[in-house]
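These notes concern the structure reproduced below.
These numbers were taken from a predicted model, which means no experiment stands behind them.
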Amino acid sequence: MTLVRVRRNIQIGYERMSYTPPSQPDSPEKLRVRFAPSPTGYLHVGGARTALFNWLFASHFGGTLVLRIEDTDLERSTPEMVGGILQGLQWLGITWDEGPYYQTRRVDLYRAAAARLLENGAAYYCFCRREELEARRSKAAQEGRPTRYEGTCRRIGRGEALRRKDAGEPAALRFAVPENGSTGFDDAVFGNVEFANTELEDFVLLRSDGSPTYHLSVVADDIDLRITHIIRGADHISNTPKQVLLYQALGAAMPVFAHVPLILGPDRTRLSKRHGATSVTTYREEGIVPEAFRNFLALLGWTPPEGIPEVLSDEELIRLFGLDAISKSNAVFDRDKLDWFNTEYIRTYPAEKLLPLVEEEWKRAGVTPTRDRNSLLAAIDLLKARARNLKDFVGSFRAFFTEEFEPDPAAVEKFLKDASVRRMLVELGERYAVAQDFSEQGTEKVLRDFAAEKSVKAGALINGARVALTGQGVAPSLFAVMSNLGKERTTQRLKNAPSLVVTPAAR
RNA sequence: GGCGCUAUCGUCUAGGGGUUAGGACGGAAGAUUCUCAAUCUUCAAACCCGGGUUCGAUUCCCGGUAGCGCUACCA
């Protein structure tokens, strides 16, 4: 069964591997993609998914992933805000090959491109004042007319424009969009998308202070960095024709555009802060394992071939990933499924891999383990099958690592209510104190013999002992717990059983 | 408002002119057991609406509706 599945994977992987990106028929090694976030201080879930898709795509074809920080909005960007994004990528295990480039440091490039466009006749100076434009726009909106710029300054003669500019009149540089025809592109995900040129306004390239705007800098950068495939959020679809026009006006080769659908909150609106966590670092803090998050993100909008299980290592993800299997419709962020991925990963991790992650949780929660490394590893191995989240290791599993734990009152109430059970547990503790064999079998024999001797159901003692030993009504098999905890703790905690009821807990 | 994109179980999706419309998460029931998780077995759950085209549309076409996106001297 397993063999068959593996072989099938390989076949499918090979098929996908043989797909050659349209723009680079003979040299897939020249494939270059980029992730270009704005520095908002943290890595957004949607951005993380875009970054992941770029990374998977580049890795699949052995291409290059470029990281570029789009910080041309001086008002909103500070250098410190880049840190959060880099950390988020690092946590997710997404590595880049080039960069980060900072757009604010590449302004000369954009100005040069702008100069070329001005020379070309593809761009013109606009002397309209901001307030003036805003007034016109709001009036047009009120009257139900289109609000786009009508090209007032486009009609100013070149000579006059240059003269006014030289005279020091503030001017923005606008792109002259062709007055008729249409502009389209063949999207790798959405297929052919066309826009009438009359729908595109003469957008600003350079602000009147000389700073470049988004469209100019992205295109100039993507050309300069020789980006072959632009994989980004579908919110950019409407921007793309403007950029296509820019590529044409600059005489550059057109990249392949691949727009990926957006990630929505449970209410089907765009994922935002009011849906809870939008920053990947939050998931880290919530006890999600990075691989689980990555796997989950990969499956949001992309589907592996039929018959392939959804839990996929990064190697498998890379092998299987392709633009052709990206969905066109937006996807809702499903926290339940993320949690499922998380448990899938945690339970299959070797304890050695889990320990450092768990140690981070202990540190955060102020837990100082009172056991040596080997028994900690053994405890983690015992517990991981029941873990859903790293937080469990400081929550319900706490008694396995430290003496400072608080019994769950509900569990005490349920299993230690009976005073005779408590008395028997104390007595049982004495038996364990002199027990030789502390293996699972050994500890089980002691309890079952004791139960038979007292003619009580073993189950009642088992459940009671579980609470006494772990403070929880839910834990792994009791005898595995005893064997893991060892003689000392087992006897001690059993003898302590009555105190759990009288005094809820000592902290 | 204009333009663009999208539309299969609650969610992520597969599929495609004739299918018992498949899988995964979640949900329900049962088995197992010292609890819980896991595991196993079952079950419920979907083709947005209306017109075409066709012998036959969930699938193709058109329209509607809804959702989302863009509509800045933001990115």
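A/Arg145 comes within 4.0 angstrom of no nucleic acid atom, judged by non-hydrogen atoms across all strands. Within 4.0 Å of A/Glu310, counting heavy atoms only, lies at least one base atom of the nucleic acid. Among the heavy atoms of the strands, none lies under 4.0 Å from A/Leu447. When heavy atoms are screened at a 4.0 angstrom cut-off, A/Gly301 is found touching the sugar-phosphate backbone but no base atom. As judged by a 4.0 angstrom heavy-atom cut-off over every strand, A/Leu478 is placed among the base-contacting residues. Nucleic acid contact class of A/Glu201 (heavy atoms, under 4.0 Å, all strands): sugar-phosphate only. At a threshold of 4.0 angstrom between heavy atoms, the contacts of A/Pro266 with the nucleic acid are absent. Within the nucleic acid shown, A/Ser329 comes within 4.0 Å of sugar-phosphate atoms alone, with no base atom in reach, counting heavy atoms only. Within 4.0 Å of A/Thr343, counting heavy atoms only, lies no atom of the nucleic acid at all. Among the heavy atoms of the strands lying under 4.0 Å from A/Glu194 are primed sugar atoms or P, OP1, OP2 only; no base atom is included. If you check every strand for non-hydrogen atoms under 4.0 Å, A/Asp336 touches sugar and phosphate atoms only. Within the 4.0 angstrom heavy-atom criterion, only backbone atoms of the sugar-phosphate kind lie near A/Ser327; the bases stay farther away. Among the heavy atoms of the strands lying under 4.0 Å from A/Ala331 are primed sugar atoms or P, OP1, OP2 only; no base atom is included. A/Cys128 comes within 4.0 angstrom of a nucleotide base, judged by non-hydrogen atoms across all strands.
Checked by atom type and distance alone, the side chain of A/Glu361 never pairs as donor or acceptor with a backbone atom of A/Val394 at under 3.5 Å. In terms of modelled atom types and a separation under 3.5 Å, the side chain of A/Thr303 and the main chain of A/Leu299 share no donor-acceptor contact.
Between A/Tyr125 and A/Phe127, the ring planes lie tilted relative to each other; the angle falls in the 30° to 60° range.
Side-chain proximity of A/Lys337 to the nucleotides B/C12, B/A38, B/A14 is greatest for B/C12. Closest to the A/Ser208 side chain, of the nucleotides B/C25, B/U35, B/C73, is B/C73. Taking only side-chain atoms of A/Glu70, from C-beta outward, the nucleotide of B/C5, B/A75, B/C12 with the closest atom is B/A75. Listed candidates were B/C73, B/A75, B/C25. Nearest to the side chain of A/Arg130 is B/C73. Proximity note for A/Val193 (side chain, C-beta onward) versus B/G4, B/A75, B/C12: the nearest is B/G4. Side-chain atoms of A/Trp340 lie closest to B/C25 of the nucleotides B/C70, B/C34, B/C25. In the set B/U11, B/C34, B/C73, B/C73 carries the atom at the smallest distance from any side-chain atom of A/Leu133. The side chain of A/Glu199 lies closest to B/G2 when the candidates are B/U11, B/G2, B/A75. Across B/C73, B/A72, B/C34, the shortest atom-to-atom separation from the side chain of A/Arg448 is found for B/C34.
For A/Arg466 and B/A37, the CZ to C1' distance is 12 Å, given to the nearest whole Å. B/C5 atom P lies 7 Å from atom CZ of A/Phe195, rounded to whole Å. In this structure, A/Leu264 atom CG and B/U11 atom P are separated by 11 Å, rounded to whole Å. A straight line from CD1 of A/Ile263 to P of B/U6 spans 19 Å, rounded to a whole angstrom. Per the geometry, CG belonging to A/Leu200 stands 14 Å off P belonging to B/C3, to the nearest Å. As rounded to whole Å, 7 Å separates atom C1' of B/U35 from atom NZ of A/Lys414. In this entry the distance linking NZ of A/Lys445 with C1' of B/C34 reads 18 Å, nearest Å. In this structure, CG of A/Leu416 is placed 13 Å from C1' of B/U35, rounded to the nearest angstrom.
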Sequence neighbours excluded and cut-off under 3.5 Å, please list the side-chain donor-acceptor pairs for residues 475-485 of chain A, or say none.
residue: A/Ser483; atom: OG; partner: A/Phe438; partner atom: O; Å: 3.4
residue: A/Asn484; atom: OD1; partner: A/Arg371; partner atom: NH1; Å: 2.9
residue: A/Asn484; atom: OD1; partner: A/Arg371; partner atom: NH2; Å: 3.4

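In this structure, B/G4 forms a base pair with B/C68, meeting either the Watson-Crick or the G-U wobble geometry with both donor-acceptor distances under 3.5 Å. For B/A24, the paired base is B/U11 (Watson-Crick or G-U wobble, both distances below 3.5 Å). Taking a pair to require two hydrogen-bonding distances under 3.5 Å in either a Watson-Crick or a G-U wobble arrangement, B/A31 pairs with B/U39.
Donor-acceptor pairing under 3.5 Å, judged by distance alone, is absent between the side chain of A/Asp71 and the base of B/A75. Residue A/Thr213 places no side-chain atom within donor-acceptor reach of the base of B/C73, judged by atom type and a 3.5 Å distance cut-off alone. Donor-acceptor pairing under 3.5 Å, judged by distance alone, is absent between the side chain of A/Ser238 and the base of B/C3. Taking only distance into account, the side chain of A/Arg386 meets the base of B/C36 through a donor-acceptor pair shorter than 3.5 Å.
Annotation: salt bridge (Lys or Arg N to Asp or Glu O under 4.0 Å) contacts of A/Glu179 (sequence neighbours excluded): none. Judged as a salt bridge (Lys or Arg N to Asp or Glu O under 4.0 Å), and not counting sequence neighbours, A/Arg49 has no contacts. With sequence neighbours excluded, the residues forming a side chain to side chain donor-acceptor pair (under 3.5 Å) with A/Glu444 are A/Arg448, listed by chain and number. Evaluation of the salt bridge (Lys or Arg N to Asp or Glu O under 4.0 Å) rule for A/Arg136 yields A/Glu132, A/Glu150 as partners, not counting sequence neighbours.
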Check the interface with nucleotides 40-48 of chain B: list each N/O to N/O pair with the protein under 3.5 Å, or write none.
none

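A 4.5 Å side-chain heavy-atom check between A/Tyr101 and A/Leu67 finds every atom pair outside the cut-off.
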Exercise for the section: Report the C-alpha separation of A/Arg431 and A/Thr443 in whole Å, then their side-chain angles, then the decisive distance to 0.1 Å, and conclude whether the side chain to side chain donor-acceptor pair (under 3.5 Å) test is met. Expected result: CA-CA 10 Å; A/Arg431 301 279 174 103; A/Thr443 50; over 6 Å; no
